[in-house]
Amino acid sequence: MPDTRYLVVAVAVSAAVTWALRALPFAALAPLRASATVQYLSRRMPAGVMVILLVYCLRDLPVTEPRALAPLTALAVTVGLHLWRRNALLSILGGTAVHVALASTVFAH
Amino acid sequence: MGLGLVPLGLAFGVLVTHSGLAWWWATLFTTLIYAGSFEFLLIGLVTAVAPLATVALTAFLVNIRHVFYALSFPLHRVKGRPAKAYSTFALTDEAYALTTGERARSWPGRRILWLQSFMHLYWAGSATAGALLGSLIPDSVTGLDFALTALFTVLALDAIRDRRGDLPTPALALLSALAARLAFPDQLLPAAFVLFTAGLLARHFATGRRSARA
């Protein structure tokens, strides 16, 4: 089990790296904001970034094993709920509940 | 919308307790680091007592995507040095998604700051609650981490709907992510972002040249 000192330093290191990555590019990229190319990118990036993060979450999906059905079913439920009701909280709760139910029972390992 | 973070925070808190850490670490993690997807990874790293250099490198690789957010996040609307400092600190994926959407075009800086601090509060509060409740939930209950997948699913669907008709963009992102998954499985995020950005640039210059000729 990690000791407190190690955990405090780990949190400090993580916080510093994360903040630096979020704050420093504003200074470096400020002169680029007016460019037409950067504006083209910035209008299209949000949708693409979220798709990439979604694939990242599913990167270890065991596609050849039956237990992959738990996340895939939950994903279908999340998408279905969101297209139907457009309520973020409902979609996230519904998808997660289905996943917990399947992963803890039918596909428990 | 920020309420979408609550199930995720609860799941995070439960995972903290289930991995053997004291409940208040959930509060510290979520308040001081405030980077959801990385924090889920951090639990695994610190319980294995990974070297600090590994922790720093993982934080760098998972969060390097935030470099791209500086291109479109409306920081110029946030006034004052402390406010700008907090706004960059709290520049999460969710904050980025909400403040760059069509509806947010006219939001003043104050509204952006309120949104960020409320999401921060929801995140830390729900993680703390989850950690306190975690000991009541038996270890056989697994799969709560899907809340993160569900959150990105919802954010992706909303962002795609915002750009009605622009299906090539999410398709390009999907291809970039799948190519990165196959070619650079250990560096999926940075590789996918580089491929996606390069693809968008190629498309921009290709269409620009075509319309210039027409």
Side-chain angles (χ1 to χ4, degrees), chain A residues 1-2 6-7 9-15 17-19 21-26 28-30 32-33 37-38 40-59 70-71 74-75 78-79 82-83 88-89 91-96 99-104 108, chain B residues 1 3-4 7 20 25 28-29 32-33 35 42 46 49 52 55-56 59-60 63-68 70-72 75 88-89 91 93 97 100 140-144 146-157 159-160 163 169-170 172-174 176-177 181 188-189 192-193 196 200 204:
Chain A
M1 210 63 244
Y6 166 81
L7 279 168
V9 181
V11 169
V13 166
S14 308
V17 171
T18 305
W19 193 5
L21 285 172
R22 286 177 181 169
L24 297 181
F26 281 99
L29 299 175
L32 298 176
R33 289 181 77 105
T37 305
V38 167
Y40 176 92
L41 284 182
S42 69
R43 275 195 303 275
R44 283 161 184 78
M45 277 194 135
V49 166
M50 298 308 146
V51 170
I52 291 173
L53 288 170
L54 175 58
V55 174
Y56 175 73
C57 284
L58 297 169
R59 69 194 178 285
L75 184 66
T78 311
V79 171
H82 203 61
L83 293 179
L89 188 58
S91 315
I92 293 171
L93 277 178
T96 307
H99 188 256
V100 169
L102 289 175
S104 309
Chain B
M1 171 61 214
L3 282 174
W25 283 110
L28 272 185
F29 278 27
L32 297 177
I33 307 176
L42 186 62
V46 295
V49 199
L52 290 169
V55 173
F60 181 82
N63 290 324
I64 186 77
R65 63 178 186 275
H66 291 116
V67 165
F68 297 93
L71 290 175
S72 41
L75 187 66
T88 54
F89 171 78
L91 181 45
D93 301 309
T100 51
S140 58
V141 174
T142 58
L144 274 169
F146 187 83
L148 186 68
T149 314
L151 175 73
F152 288 135
T153 306
V154 164
L155 291 176
L157 286 174
I160 293 169
R163 297 202 46 81
T169 297
L172 184 63
L174 184 63
S176 306
R181 172 70 182 83
L188 197 163
L189 277 182
F193 283 118
F196 175 57
L200 278 182
H204 175 54

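Note on naming: letters A, B, ... go to the chains in the order of the sequence lines (proteins, then strands), and numbering restarts at 1 for each one.
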Over 60° means perpendicular and under 30° means parallel, so tell me whether B:Phe146 and A:His99 are parallel, tilted or perpendicular.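 Plane angle under 30°, so parallel.
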What are the two closest heavy atoms between [X] and [Y], and how far apart are they?
{"X": "A:Ile52", "Y": "B:Ala173", "result": "CG1-O, 3.7 Å"}
{"X": "B:Val55", "Y": "A:Ala10", "result": "CG1-O, 4.0 Å"}
{"X": "B:Thr142", "Y": "A:Ser104", "result": "N-OG, 2.9 Å"}
{"X": "B:Ala147", "Y": "A:Ile92", "result": "O-CG2, 4.1 Å"}
{"X": "B:Pro7", "Y": "A:Leu93", "result": "CB-CD2, 3.7 Å"}
{"X": "A:Arg43", "Y": "B:Arg163", "result": "O-CD, 3.2 Å"}

With side chains defined as the heavy atoms from C-beta onward, is the minimum distance between [X] and [Y] less than 4.5 Å?
{"X": "B:Leu42", "Y": "A:Ser14", "result": "yes"}
{"X": "A:Thr37", "Y": "B:His204", "result": "yes"}
{"X": "B:Leu200", "Y": "A:Met45", "result": "yes"}

Between [atom1] on residue [X] and [atom2] on residue [Y], distance to nearest 0.5 Å:
{"X": "B:Leu75", "Y": "A:Arg22", "atom1": "CG", "atom2": "CZ", "result": "13.0 Å"}
{"X": "A:Leu54", "Y": "B:Leu157", "atom1": "CG", "atom2": "CG", "result": "8.5 Å"}
{"X": "B:Thr153", "Y": "A:His82", "atom1": "OG1", "atom2": "NE2", "result": "9.5 Å"}
{"X": "A:Thr18", "Y": "B:Ile33", "atom1": "OG1", "atom2": "CD1", "result": "6.5 Å"}
{"X": "A:Phe26", "Y": "B:His66", "atom1": "CZ", "atom2": "NE2", "result": "10.5 Å"}
{"X": "B:Phe68", "Y": "A:Leu29", "atom1": "CZ", "atom2": "CG", "result": "9.5 Å"}

Look only at the side chain of B:Arg181 and the backbone of A:Arg59, and say whether a donor-acceptor pair between them is shorter than 3.5 Å. yes
Where does [X] contact chain A at under 4.5 Å (heavy atoms): side chain, backbone, both or neither?
{"X": "B:Phe196", "result": "side chain"}
{"X": "B:Leu71", "result": "both"}
{"X": "B:Thr149", "result": "both"}

Counting heavy-atom pairs under 4.5 Å to chain A, which of B:Val46, B:Thr169, B:Leu188 comes out on top?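 Highest number of pairs under 4.5 Å: B:Val46.
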